[in-house]
Amino acid sequence: MNFLLVLVCGLLAGGAPVLWAAVRGRVLRRAVLGGRAVGVPAEVARRAEDGAPAVRGDLWLPGRAGVPVHFVAEDSTVLAVPRGGRVKDVVPLGTGGFRRQSFVRHGAVVYEVPGTGDVLTITVDRPAVEVVTRALTARGDTGAGDDGLRPAWWHLVRVPVLAALLLSGAFVLGLVGAHTFGLGREVTAEVTGTKGGMCRVVWQDPWDPSLTRHARVDCYEGEKAGDPLRIGARPWPMRGEAADLDVLYVTAFGASVLGVAGAGGVLLASWTGARRLRLLREHLRSGGGSVPGRAAGRVVAPRWSWAAGALGLAGLGLLTLAYGFGQPVRAEVTAATEYGCAVAWADPWDGVRHTAEVDCGEEARGDLLEISALPWPLRGEAFDRDFTPFVLGIPTALAVGAALLGVVLRSRRARGTRPLVLTAVAAPDAPVGPAGETDDPGDVLDHPRLAALARLLHERHALAGGAGKHRPEPDPAAGPWWRSPVLRRVVLASGVAWGALFVLAVTALWSGWWWGTAYRQAVDRTERATATVQYLHEEFPLEPWPLPGAVEVRFDTEDGRRVVTDVEYGDPAPAEGDAVEVEYAVGRPSAARIAGDPGLGRGLWASGAVAAAALVRLVWCAVSTGRVLRRLLRAARQGEARDFDYLLLPPSGEEPEDRTFLLVLFAPGASRPTATMDAVPAAASLPPEGTLEMRALPEAPAFAVAWTAGRPVWPSGPLVLLEEGEEDDEEEFLRQYVTSLVPPGVALDVPPRPRLTSPTAGA
């Protein structure tokens, strides 16, 4: 049940930002349709300037038609963006290495300003992409003023992704605490045994006193059998489970810190948006002039500076709570632990006995140690008054210093940033459609349309961060294949079954001691002894069937040695304190099993079958990849060469993590494709169009390697030939694939077809 509770809480915490993104998108769309202004955080950069930095700020979308879109930068610069232009592309951008649709948190809108030729890259959160695209492509601007910039107050509330994560974490911790300590009952249990920082406790069920409950809870090494221990008895659906009261303190502290940090992020983001809106309205009321006193003295801080400041404030708050509001008391050292001292003291507010672990020096059991007892919400926790202030104070000071350093560095850079400037032009009277449909779209497989698509996808792939630098490929005829970084990556990716290797490693770690026990008992003489079960390990969902469980037993060998070891068992599980007969190896008594119990044999069969399947998978991948690699090397070294014109189509769509590059090959001068081939990601360094040489084996034409500029371009799939003069399945599949690559609502810059005239015209 603990595992299920953690799983449910994890799903809630992970789904909260996704849910907020969906809600935010609906709110923005309803606001725009209802004629209300909305503001979204954005980054704007000019595509015409190579290397121009992106400027962060707010993009305000008016609620009234005819009012231009305005961008307010962090340095209080106001940029009017005329509407009615053309959206050339919308590029999904991932963060943190995740590029799938569910993790794509931003989108870059490539917008061509009408009448100027300027191209802006406007990066906004994914829920706002559709709203921004519609607002930019609306009809041209005809009015001015701030009449269209009056949003509802709830549209000013912003929840950044980090704040959403913090608030969801606070909600989950609060839910766990409310279930355990709000709906549960606080009872006094009796400690029946301790081991490894865990206490076995027994108590009477507070809802049904006739039931006696047993559980394990966290405790300190100062407790011993027979001591009373205050615990929280959990209600349904975890009836019979218990939690140490320290969980309450940790839960309350974690929920408080996460909640305050998340609420602070929401307030800061909302206040920033409201302040920029007020600045924009003052700018428009003044006729587009500057607002005195707004840009001077602007303090700008990067995100990492805010994070360091939050950590510093949390450290200051904890120090203030511990040593400003805490009560100094003298506690008794009950045990020396690995990381400090276990202490016990009487609560200075109500006299209840509390235990905790604090930092200490050379104190021993029975000594008195002065500690600081923390008040609510960490009642029952304690810090020592000598060592801990320095341990907390040093990182707190470093965090505050990092926050101040970020403010200084970012403010200097903000003052030196060039403002975005657009050429002042009159907006067109008629809207320019974003789609750019032509009267005669033609076939998508025609060379001009495919070339336009290749150029568009090449630009958007570079914008999404996919156009990285790649090392030049060595000549495969001049050395062994492993000199090629691409071939090494291919072999590691497809020649090694990493999933099977992981399964094999986990199986070896899980069942290695089973096989060690079986081996020792097979090669050594065995004896039997009567053992006492001391500890029953917690079962996993697959234990004890089909995998065996484990118990810790103690027995004496025939030569008088006392042995404590783990043994496997099947159904039914022995109870703690039971006497069982074990069979052990004389040379190594720790290799023992319960006599006649099928648990060990069942574990050997199950783990052996899984390991055999993983090994078969490993061998199969290695052999099949080796066959393909040998044929590709033969084609690159000895294959027949043929020249082709090519177009390179990078990956596109909502999942740019799909790293398949498609080479569309044309016979020299042809307008229809002749063949296609999937290429490795290193093909991103190629121009979107050009010529290449294709080398293939006559007996196996599917194994082909492209050559350009004296270097190979290794394939990630076979060469697919298209039948000439007839519609085959491969050509239809290519047509559907190419059609799906065209981003919705994006125009292709296809040169117009020359108009054919009659030879006798004008005669």
Side-chain angles (χ1 to χ4, degrees), residues 444-447 450-451 453-454 457-458 470 473-477 481 484 486-491 493-495 624-652 658-741:
V444 293
L445 295 184
D446 287 342
H447 191 280
L450 277 180
L453 178 60
L457 296 181
H458 189 79
H470 297 273
E473 281 294 303
D475 189 347
W481 66 268
S484 168
V486 171
L487 292 183
R488 289 199 303 267
R489 285 193 293 267
V490 169
V491 170
S494 59
S624 59
T625 303
R627 293 177 57 190
V628 174
L629 183 62
R630 286 195 301 271
R631 292 188 178 185
L632 284 180
L633 290 174
R634 284 183 54 207
R637 295 167 179 170
Q638 307 170 8
E640 296 181 355
R642 182 182 175 187
D643 293 334
F644 286 96
D645 296 331
Y646 78 88
L647 294 175
L648 178 65
L649 301 181
S652 180
D658 181 8
R659 302 184 64 81
T660 299
F661 289 75
L662 182 65
L663 281 172
V664 183
L665 306 176
F666 296 81
S671 61
R672 305 284 294 181
T674 303
T676 62
M677 186 179 71
D678 293 334
V680 295
S685 59
L686 295 178
E689 54 184 325
T691 60
L692 54 77
E693 181 184 89
M694 188 66 65
R695 298 183 182 180
L697 297 175
E699 67 276 12
F703 294 90
V705 179
W707 283 73
T708 177
R711 298 293 179 183
V713 179
W714 298 103
S716 61
L719 180 68
V720 178
L721 299 176
L722 303 179
E723 298 292 338
E724 298 181 1
E726 60 182 63
E727 294 285 339
D728 62 346
D729 294 338
E730 295 295 342
E731 183 174 339
E732 182 61 26
F733 175 78
L734 176 62
R735 179 177 287 105
Q736 295 177 2
Y737 175 72
V738 170
T739 303
S740 67
L741 289 181

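All values below were derived from every heavy atom in this structure, side-chain atoms included, with hydrogens, water molecules and symmetry-related copies excluded. Since the structure is predicted, the reported quantities are computational estimates derived from the model, not experimental observations.
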Euclidean distance, [Y] [atom2] relative to [X] [atom1], rounded to 0.5 Å:
| X | Y | atom1 | atom2 | answer |
| --- | --- | --- | --- | --- |
| D446 | S671 | CG | OG | 6.0 Å |
| L734 | T676 | CG | OG1 | 6.0 Å |
| R672 | L445 | CZ | CG | 5.0 Å |
| S624 | L629 | OG | CG | 11.0 Å |
| L450 | L741 | CG | CG | 9.5 Å |

Item to check | CA sep, side-chain torsions, deciding dist, call: Y737, L662, side-chain contact (heavy atoms from CB on, under 4.5 Å) | outcome: CA-CA 10 Å; Y737 175 72; L662 182 65; 3.6 Å; yes

Evaluate the side-chain proximity of [Y] to [X]: yes if any heavy-atom separation is below 4.5 Å, no if none is.
| X | Y | value |
| --- | --- | --- |
| V491 | W481 | yes |
| L647 | P688 | no |
| V713 | W707 | no |
| T691 | D643 | no |

Please report the closest heavy-atom contact between [X] and [Y], naming both atoms and the distance.
| X | Y | value |
| --- | --- | --- |
| A696 | A635 | CA-CB, 4.3 Å |
| L632 | A704 | CD2-O, 4.1 Å |
| A636 | V705 | CB-CG2, 4.1 Å |
| G717 | M677 | O-CG, 3.8 Å |
| L719 | A675 | CD1-CB, 3.9 Å |
| L665 | Y646 | CD2-CB, 3.9 Å |

Checklist entry - How would you list all residue pairs meeting side chain to side chain donor-acceptor pair (under 3.5 Å) that involve residues 631-641, not counting sequence neighbours? => result R634-E699

Checklist entry - Are F661 and L648 close enough, and set up right, to give a side-chain contact (heavy atoms from CB on, under 4.5 Å), and what steps lead you there? => result CA-CA 7 Å; F661 289 75; L648 178 65; 4.0 Å; yes

Checklist entry - For E473, what residues pass the salt bridge (Lys or Arg N to Asp or Glu O under 4.0 Å) criterion, not counting sequence neighbours? => result none

Next on the checklist: The test is side-chain contact (heavy atoms from CB on, under 4.5 Å); show your working for S484 and W714 and say whether it passes.
Outcome noted: CA-CA 10 Å; S484 168; W714 298 103; 3.6 Å; yes

Item to check | Contacts of type ring-ring contact (aromatic ring centres under 6.0 Å, His included), residue F703, not counting sequence neighbours | outcome: none

Next on the checklist: Is there a side-chain contact (heavy atoms from CB on, under 4.5 Å) between L692 and M694? Walk through the geometry before answering.
Outcome noted: CA-CA 7 Å; L692 54 77; M694 188 66 65; 4.0 Å; yes

